[in-house]
Every structure is written in structure tokens, then in C-alpha cells.
**Q** 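Sharing a structure below in C-alpha cells format, with a few things to ask.
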Amino acid sequence: MLVLLLPLLFLYINDAHDWGDDFAAFIAQAKAILEGKPYFQTGFVPNLEKPDLVASPIGWSLLLLPVVGVFGTNIIAMKVYLSFFYVLWGIILFVLFRGKKETILAILVVVFTLYYPWLLSFKSEVVSDIPFAATFALSLFSIQKINPRTNLIHCVLIGLLLGLCCLIRPIGFILFAAMAFLFFIRKEYSIYFSKYATVGVAALLLLFVIRNIIFPCEGAYGHYYSFFGRDLVFNVTQNSLFYFSEWERFWMDLTTKALLKNVFLFSSCALLLYGTVRCLWRKNVYAFTVLLYLVIVLIWPYRNQGFRFVFPVLPFLVYVVFERLLHILQAIRPSFTWLAYGIICGLITLSITSDHSTCNNYVKDTGSQTVTAKAMYSYIERNIPNDARVVFPKPRVLCLYSSVHALYPMANMNFEQMQDAYTRYQVKYFVRSKNAGLECYNGVYTNYIDSMEKRKVLLWSNTDFEVYKRKP
């Protein structure tokens with residue numbers, strides 16, 4: 001399995017990165033910790049556009065500490081580091097799916113999912129998706145493997161792993177529900193209570209120490225738990241439609257043939273439904289945990305993120321589809337086992353031979369690491385005071401590479417409200433993209449700057465960016 005996954009270490013390794021400034025927040029937080037500052041003091045200024053965004057979960061920033069400490073903000077070094085987590089995730093999934101049988105099926109599922117372009121493209125972003133997926137799978141596997149012979153130290157280590165998973169992403173808390181599920185279905189309460197309690201206490205103790213003693217930050221996680229009071233029915237309806245369309249696209253992107261597209265879609269849906277019901281009927285902890293995870297994703301109001309939120313559990317869904325396909329064909333005729341493997345190998349071939357270049361080329365030409373973007377960072381770093389407040393549609397990227405205090409443009413307001421907000425936040429500088437093809441371009445913000453007329457001074461520009469100073 002390791003031999004098959006080793007090529008993944010070298011794919012998507014380059015110095016390109018998109019403008020999504022989550023990556024900048026994680027790196028900047030690690031940098032702040034190494035500099036001895038509170039991790040949330042990155043220069044980013046919370047404002048009226050995203051008032052709850054104080055800091056990102058600290059788990060991935062902690063894991064980035066050795067890379068940032070040695071290589072600074074080098075994107076290539078971080079992508080190599082991320083690749084090791086990706087391969088580790090594949091190994092964990094293989095061990096988890098293999099169980100006591102079907103080694104071939106486990107290998108095929110892991111190869112199909114980890115080489116699928118959608119999942120592979122996550123290696124191009126230095127965000128928490130991959131490390132969370134790896135720690136989530138390993139935590140779930142470790143919890144499931146707890147038995148009467150598991151000693152206290154082992155339980156503590158599992159608890160620390162679970163706590164780390166929750167620090168990377170708060171949705172990791174569903175692993176506590178997985179433990180409760182296992183505790184009740186195993187029924188040997190007197191044997192398992194102390195073991196699960198030890199795991200839970202170790203995890204909660206780690207979370208308390210990290211979040212409340214070592215790295216306290218009031219409000220850093222509040223927005224992760226604020227979605228139950230919103231329009232629940234609307235969220236579930238919209239998210240269900242969105243994620244079904246993503247599931248549809250996941251299978252239909254494998255081929256250009258209309259007939260095969262429909263065959264892939266309907267077969268995958270039927271097999272997934274059948275397999276999920278069967279697993280739940282058999283009280284499978286993996287099925288329970290994945291279903292609970294998906295329920296939370298469907299409630300969550302922050303949608304339109306592709307498979308980012310479903311990313312950690314997608315291999316489980318694919319496994320159910322392939323396992324049911326193998327089971328049905330074996331039931332028809334035992335010799336059809338190799339037909340099932342042949343179909344899966346065909347899907348792997350379609351996946352690997354599909355176009356992987358589109359995402360990489362786009363990010364390389366338009367992302368946050370282009371020559372024009374670096375020139376803009378350099379100018380601001382050298383010519384604008386570090387304590388100055390600057391508006392830019394991707395403020396956390398600007399904070400990371402320019403050491404200024406930056407905030408969102410608050411483009412959800414009208415021009416008069418924007419002007420009042422900028423005065424309130426003591427904004428002195430504006431940075432905008434001139435290129436509508438860049439992700440950091442904001443049309444409303446651009447029009448506002450145009451409307452300033454004589455109230456601004458152009459300080460610097462290149463083919464993609466302009467830096468303005470606001471007149472008193």
C-alpha cells in the first residue's frame with residue numbers, strides 16, 4: 001500500500017496557492033506563536049463583514065510550527081509536509097477498510113479516492129482538510145479498537161489524539177458520540193466505562209489546557225456553534241441539494257459519455273443507500289459516525305464549498321458503494337468477484353487519466369504567489385507602517401506577507417456605510433485588484449474606490465494591483 005501511495009508525495013508540489021485566506025491565517029498563527037505573541041495577533045482586524053472571525057482553530061497552526069520555524073512561509077515546504085499527512089491518511093484508511101478480509105477491495109478504494117483529482121487537489125492548499133481527515137480516521141479507528149486488554153496509557157494516547165482532532169476542527173467532537181455509541185452497543189459497561197472515560201477525560205483536558213491556558217482567545221470558536229438558531233429547514237434543504245449535485249458531479253466527471261454518466265450516478269446512489277442501511281442495521285460505528293458527520297454538514301449554513309466539508313468522510317462513502325457492488329456480484333456468481341474488481345479498476349483508470357492540470361495552472365497564473373502579488377506585498381512591507389490599517393478583499397493574506405493590519409472591505413454595505421466604517425476603523429490605505437479574473441477582485445469595493453475621486457492618492461500600481469492612500 002505504501003508503494004502505491006508514495007507518488008502522492010510528489011504531486012501538486014509547487015509554489016502556487018490560491019487567494020483563499022484560510023491558509024494565511026493558519027500560517028500567520030503559527031508565526032505569531034513562534035514570535036512569542038498571542039496566536040490571534042496576526043494583524044487581521046475583525047470587522048462588520050465577518051465579526052465572528054477572530055481566529056482560526058489552532059490545531060493545524062500547532063502542527064505547522066516545525067515547518068514555519070525552519071522554512072518560514074515557504075509554500076513548497078508546507079505542501080511537502082501536507083503530502084505526508086495525505087499519505088498517512090491513505091495508510092490509515094487502508095488499515096481501517098481492510099479489517100479481517102477484502103484486502104484487495106481496501107487497496108482499490110484507497111487508490112481510487114486518493115488519486116481522484118478532486119481529493120488530490122486539496123494538496124494544493126495549505127489548509128486543515130487533510131490533517132483533520134488523517135487524525136479523524138486514526139481517532140475513529142483507535143476508538144473502535146479499544147478492548148478489555150487496552151491499558152491506561154494507550155487510552156490516554158487515544159484521548160490526546162482525539163483532542164488534537166478537535167483542535168484542528170471542532171466537528172471532531174462527534175468522536176465523543178462515536179465512543180458513546182460503542183459503549184452502549186458493547187454492553188460490557190463495567191469493563192469499558194473506565195477506558196472510554198479515560199479517553200474522554202484526556203481529550204477534554206488537552207482541549208482545556210490548549211484553548212484556555214496556553215492559547216486563550218475569547219470568541220475564537222464561538223461562530224462554530226452558532227448555527228442552530230438560524231433557518232434550519234432552509235439550511236438542510238439548500239445543503240442537501242448542493243451536496244447531491246456535488247456527489248453527482250463526482251461520479252459523472254469520470255466520463256464524457258452521457259449513458260455512463262447516468263449509470264455511474266444511479267448505481268452509486270442505490271449502492272450507497274443500500275450499504276448505509278445495512279451498516280446501520282448491523283450497528284457499525286463507522287456508518288453511525290459518518291452519518292452523524294453528514295447531518296451536521298447539512299445543518300451547517302456555510303455552503304458552496306465543494307467537497308471541502310465532506311472531504312474527510314468521502315472515502316467511507318466510496319467504500320460502501322464499492323463493497324456493495326462486490327457483494328451483489330458475488331451473490332449472483334462467486335466468479336463475478338473479478339468482474340467487480342475489473343469495474344473498480346476501470347473507474348480508477350478513468351480517474352487517473354482525467355485532466356489534473358486545470359486547477360494547478362489556474363492557481364499558478366492567478367493565485368496569491370504570482371510575481372505581481374509578491375511585488376505588491378513587497379511594496380507594502382517597505383513603504384507602509386506596520387500599524388497602519390489597510391483594506392483588501394483578502395486581508396489575512398496581506399497580513400501574512402506584508403505585516404500590516406488589514407480588514408475586509410465590508411462590501412455588503414452601501415458606499416456611505418462603507419465610508420463611515422472605514423472612518424471608524426481608522427483605515428488609511430486601500431489595496432485593490434485591477435484584474436477581474438483574480439479571486440481577490442471585488443467589484444463593489446472597486447467601484448467604491450473609483451467613487452472616492454479626489455479623496456485618494458495612488459501610491460503604487462502594477463498590472464494587477466493598486467495601492468491608494470486615503471486623504472484626511
**Q** For a quick test of reading the model, state the closest non-hydrogen atom pair linking V109 to P315 and the distance between them.
**A**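 Closest approach of V109 to P315, heavy atoms only: CG1-O, 4.0 Å.
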
**Q** If I compare all heavy atoms of S433 with all of L438, which pair ends up nearest, and what's the gap?
**A**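 Scanning both residues completely, I find the closest heavy atoms to be OG-CD1, 3.4 Å.
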
**Q** Can you tell me which residue among I174, L280, V313, N284 is in a side chain to side chain contact (heavy atoms under 4.5 Å, CB included) with L291?
**A**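 Going through the options one by one, the only one that passes is L280.
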
**Q** Distance from I168 atom CD1 to T135 atom OG1, nearest 0.5 Å?
**A**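 Nearest 0.5 Å value for the CD1-OG1 distance: 3.5 Å.
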
**Q** Decide if the gap between the ring center of F122 and the ring center of W89 is smaller than 6.0 angstrom.
**A**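 Not close enough - the centres of the two rings lie 6.0 Å or further apart.
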
**Q** May I ask you to check whether over 12 heavy atoms, not counting those of I213, lie within 6.0 Å of atom CD1?
**A**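 Check passes, neighbour count above 12.
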
**Q** Please walk me through it: do W60 and V126 pass side-chain contact (heavy atoms from CB on, under 4.5 Å)?
**A** CA-CA 10 Å; W60 179 222; V126 187; 4.2 Å; yes

**Q** Can any side-chain N or O of K123 pair as donor or acceptor with the backbone N or O of Y86 at less than 3.5 Å?
**A**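 No; zero donor-acceptor contacts below 3.5 Å.
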
**Q** Looking at every heavy atom in both L271 and V321, which two are closest together, and how far apart are they?
**A**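 In terms of heavy atoms, the two residues are closest at CD1-O, 3.6 Å.
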
**Q** State, to 0.1 Å, how close P393 and C440 come at their nearest heavy-atom pair, and which atoms those are.
**A**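 Looks like CG-O, 3.2 Å.
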
**Q** Using ring centroids (six-membered ring only for Trp), state whether Y379 and F465 fall under 6.0 Å.
**A**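 Ring centroids of F465 and Y379 are no less than 6.0 Å from each other.
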
**Q** Which atom pair, heavy atoms only, marks the closest approach of A375 to N462?
**A**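 Scanning both residues, the minimum pair turns out to be CB-ND2, 4.0 Å.
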
**Q** Only one of I107, T349, L108 clears side chain to side chain contact (heavy atoms under 4.5 Å, CB included) with I344; which?
**A**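 Option passing the side chain to side chain contact (heavy atoms under 4.5 Å, CB included) with I344: L108.
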
**Q** Under 4.5 Å between any side-chain heavy atoms of Y243 and F309, yes or no?
**A**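 Result yes, sub-4.5 Å side-chain heavy-atom pair found.
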
**Q** Rounded to the nearest 0.5 Å, how far does NZ of K145 lie from CG of L96?
**A**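 So the CG of L96 and the NZ of K145 are separated by 9.0 Å.
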
**Q** More than 12 non-hydrogen atoms from neighbouring residues, nucleotides or ligands closer than 6.0 Å to NZ on K37, yes or no?
**A**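 Yes, because the 6.0 Å sphere around NZ of K37 holds more than 12 heavy atoms from other groups.
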
**Q** Is there side-chain contact between F84 and V80, with at least one heavy-atom pair below 4.5 Å?
**A**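 With C-beta onward as the side chain, the pair touches.
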
**Q** Kindly state whether the ring of F112 and the ring of F322 have centres lying under 6.0 angstrom apart.
**A**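 That pair passes the under 6.0 Å test.
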
**Q** When the aromatic ring centroids of Y441 and W19 are compared, is their separation below 6.0 Å?
**A**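 No, the ring centres sit 6.0 Å or more apart.
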
**Q** Could you please spell out the steps behind the side-chain contact (heavy atoms from CB on, under 4.5 Å) verdict for E439 and D18?
**A** CA-CA 8 Å; E439 187 184 351; D18 66 15; 3.9 Å; yes

**Q** State, to 0.1 Å, how close P395 and F44 come at their nearest heavy-atom pair, and which atoms those are.
**A**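 Closest approach of P395 to F44, heavy atoms only: CG-CE1, 3.7 Å.
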
**Q** Is the W247-F244 ring centre distance short of 6.0 angstrom?
**A**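 Between F244 and W247, which both carry aromatic rings, the centre distance is not below 6.0 Å.
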
**Q** Please examine the side chains of L64 and Y81, heavy atoms only from C-beta on, and report whether any two atoms are closer than 4.5 Å.
**A**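 Yes - at least one pair of side-chain heavy atoms lies under 4.5 Å apart.
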
**Q** Working note: L2 + V87, criterion side-chain contact (heavy atoms from CB on, under 4.5 Å); need CA distance, chi angles, decisive distance, verdict.
**A** CA-CA 8 Å; L2 181 59; V87 172; 4.1 Å; yes

**Q** Just so I know, are the side chains of F176 and L204 near enough to count as touching, which here means a heavy-atom distance under 4.5 Å?
**A**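 Touching, per the 4.5 Å side-chain cut-off.
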
**Q** Is there a side-chain contact between D21 and Y408 (heavy atoms, below 4.5 Å)?
**A**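 Yes, side chains in contact.
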
**Q** Is the side chain of T276 donor-acceptor paired with the backbone N or O of L273 at a distance under 3.5 Å, no angle test?
**A**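 No, T276 side chain to L273 backbone: no donor-acceptor pair under 3.5 Å.
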
**Q** Would you check if I33 and L62 make a side-chain contact, meaning some heavy-atom pair closer than 4.5 Å?
**A**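 A side-chain contact exists here, since the closest heavy-atom pair is under 4.5 Å.
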
**Q** Salt-bridge test for K79 and D15: reply yes if a basic N is under 4.0 Å from a carboxylate O, no otherwise.
**A**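 Result for this pair is no, no salt bridge flagged.
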
**Q** Establish, from distance only, whether the side-chain atoms of Q369 and Y377 form a donor-acceptor pair under 3.5 Å.
**A**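 No, Y377 and Q369 have no side-chain donor paired with an acceptor closer than 3.5 Å.
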
**Q** Hey, what do you get for CD1 (I92) to CE (M1), rounding to the nearest 0.5 Å?
**A**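 Answer for the CD1-CE pair, I92 versus M1, is 12.5 Å.
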
**Q** Does the S378 side chain pair with the main chain of K374, one donor and one acceptor, at a distance under 3.5 Å?
**A**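 Here the side-chain-to-backbone pair does not exist.
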
**Q** side-chain contact (heavy atoms from CB on, under 4.5 Å) between L175 and M179: does it pass, once the steps are laid out?
**A** CA-CA 6 Å; L175 292 168; M179 279 200 303; over 6 Å; no

**Q** Taking S368 for its side chain and H17 for its backbone only, find out whether a donor-acceptor pair lies under 3.5 Å.
**A**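 Yes; judged by distance alone, with no hydrogens or angles, the pair exists.
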
**Q** Nearest 0.5 Å please: distance from the CD atom of Q29 over to the OG1 atom of T42.
**A**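 So the CD of Q29 and the OG1 of T42 are separated by 6.5 Å.
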
**Q** Any side-chain to backbone donor/acceptor pair from H405 onto V390? Under 3.5 Å, distance only.
**A**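 Flag not set: sc H405 to bb V390 has no pair under 3.5 Å.
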
**Q** What I'd like to find out is whether the side chain of L314 reaches to under 4.5 Å of the side chain of W118, using heavy atoms alone.
**A**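 When only atoms from C-beta onward are counted, W118 and L314 do not touch, as no gap falls below 4.5 Å.
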
**Q** Roughly how far, to the nearest 0.5 Å, is the OG1 atom of T289 from the CD atom of Q144?
**A**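 Rounded to the nearest 0.5 Å, the CD-OG1 separation comes out at 10.0 Å.
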
**Q** Once you round to the nearest 0.5 Å, how far does CG of L164 lie from CD1 of I58?
**A**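 Answer rounded to 0.5 Å: 11.5 Å.
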
**Q** Give me the one residue out of T198, L161, N151, V201 that meets side chain to side chain contact (heavy atoms under 4.5 Å, CB included) with V156.
**A**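 Passing option: T198.
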
**Q** Would you sort out whether F132 and F311 count as a ring pair (Phe, Tyr, Trp, His ring centres under 6.0 Å), showing the intermediate values?
**A** CA-CA 10 Å; F132 173 75; F311 176 87; 9.5 Å; no

**Q** Between S61 and F26 (side chain of the first, backbone of the second, donor and acceptor by atom type, cut-off under 3.5 Å), is there such a pair?
**A**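 Here the side-chain-to-backbone pair exists.
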
**Q** Answer whether the closest heavy-atom distance between the side chains of L4 and V110 falls below 4.5 Å.
**A**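 Result no, sub-4.5 Å side-chain heavy-atom pair not found.
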
**Q** Determine the sole option in Y286, F97, F94 for which the ring-ring contact (aromatic ring centres under 6.0 Å, His included) test with Y319 is passed.
**A**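 Only one of Y286, F97, F94 forms a ring-ring contact (aromatic ring centres under 6.0 Å, His included) with Y319, namely F97.
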
